[in-house]
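Here's the structure we're looking at; comments come further down.
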Amino acid sequence: MKREQLWESLHDPELRKQLIDEHINVGIAFQIRSLRNRQNLTQAMLAEKLGGKKKQPLVAEWEDPNYGKYTLGTLKELAKAFDVGLLVRFVPFSTMVDWTIDLNKDVIAPPSFSEDQYHITTEMSSILKGTLDVDANKVNFTSSARQESIQTSSSFLYSSYFDAPAKESDKELVHA
Amino acid sequence: MSSEFTFYDYVDADRSGANLINRWLKGDGKPARMHFATTIGLLEASHPRGFNDSVWGRPYVRFMDEDWDGFIELRKEVGNVQYRLLGKVLDRHVFLVTWGVHKTQNYKTDITPQTASDRVNQMIRDPARYRREHEA
């Protein structure tokens, strides 16, 4: 889909209102279904996580793009059940266009906290081992430079958290 | 952006030269325009049927049968009117060829299934003339 045409259409206030409505109607419905699928949950299993099988018909309604009556309470419950974050923010329309065009599977069905944590710890581990997949053609990242970068970052983190310059002995502890 | 699918609109190259899907969305189909834009954006990024996280199925997409076997339909109800976009999925391409409106028991579309199939063939054979990437 072309970004320019979508942006052009938003000069019409009726279509701006429609876009907000549909990001809630269609966007949330898709996310609930995709998250449920990603986590291998049936509607009944999700209902159980939300407090009981009585909620199963509600799950089916929430996944329907014509539903559109979500409350913040419902969304918070779902976020807890899926163990994912939830953002409710006012944004410029350009952000909404980005969200319409530049989607990917991890945006539609984001990883749960445990999957998220796995990605972060794996990446950190790769950095420390010097095996992070950096584009070697663009970045000539020598081992010593990488080590220096890590030390600087750690130093900065230490300073930020403890409001004091990091000491040499502390640096050694961090990198031990 | 990692796109799984690309949606295309039918261009009436032999007559008006217009993108017929976009023209309808700007006219009679306007009440459903952003619904289709949002739905298409999400479907373009979603795994196809067969993957456990796929959303290619009801209630988001309907796979049709009988006269329209092989075609898909996207739907949006506004008031008592149901707006539909019809197309065909081939590999990772979706060819939108026409629209439909369902109101008080009457279903109206502008072409027959045979014409719809002919349009798909035109879009495949001569992409430069007969198709354009979907315009919201």
Q) Does the ring of F71(B) carry K88(B) above it, NZ/CZ under 6.0 angstrom from centre and within 45° of its axis? A) yes
Q: Can you label the angle between the F5(B) ring and the W56(B) ring as parallel, tilted or perpendicular, going by 30° and 60°?
A: tilted
Q. Does one side chain, of Q114(B) or D118(B), offer a donor that lies under 3.5 Å from an acceptor on the other?
A. yes
**Q.** chain B contact via L15(A) - which portion, at a heavy-atom distance below 4.5 Å
**A.** both
Q. Measuring heavy-atom distances to chain A, does T6(B) have an atom under 4.5 Å in its side chain, in its backbone, in both, or in neither?
A. neither
Q: Among A32(B), S54(B), P31(B), single out the residue with the greatest number of heavy-atom pairs under 4.5 Å to chain A.
A: P31(B)
Q: Output the option from E8(A), E63(A), R38(A), R16(A) having the highest count of non-hydrogen pairs under 4.5 Å with chain B.
A: E63(A)
Q) Can the ring centres of Y10(B) and F95(B) be said to be less than 6.0 Å apart? A) no
Q: Pick one of side chain, backbone, both or neither for D106(A), based on which atoms fall under 4.5 Å of a heavy atom in chain B.
A: neither
Q) For atom CZ of R3(A), is the number of surrounding heavy atoms from other residues, nucleotides or ligands below 6.0 Å larger than 12? A) yes
Q: Name the member of L42(B), I40(B), L25(B), T38(B) that forms the most heavy-atom pairs with chain A at distances under 4.5 Å.
A: L42(B)
Q: Please lay out, stage by stage, how D14(B) and R129(B) fare under the test salt bridge (charged side-chain N to carboxylate O under 4.0 Å, His left out).
A: CA-CA 9 Å; D14(B) 299 330; R129(B) 289 190 71 210; 3.2 Å; yes
Q: Check whether R75(B) gets within reach of chain A through its side chain, its backbone, both or neither, counting any heavy atom under 4.5 Å.
A: neither
Q: Specify whether W24(B) and W99(B) have parallel, tilted or perpendicular ring planes, treating 30° as the upper limit for parallel and 60° as the lower limit for perpendicular.
A: parallel
Q: Below 4.5 Å from any heavy atom of chain B, which atoms of N40(A) appear? Answer side chain, backbone, both or neither.
A: side chain
Q: Could you tell me which portion of K30(B) (side chain, backbone, both or neither) has an atom closer than 4.5 angstrom to a non-hydrogen atom of chain A?
A: both
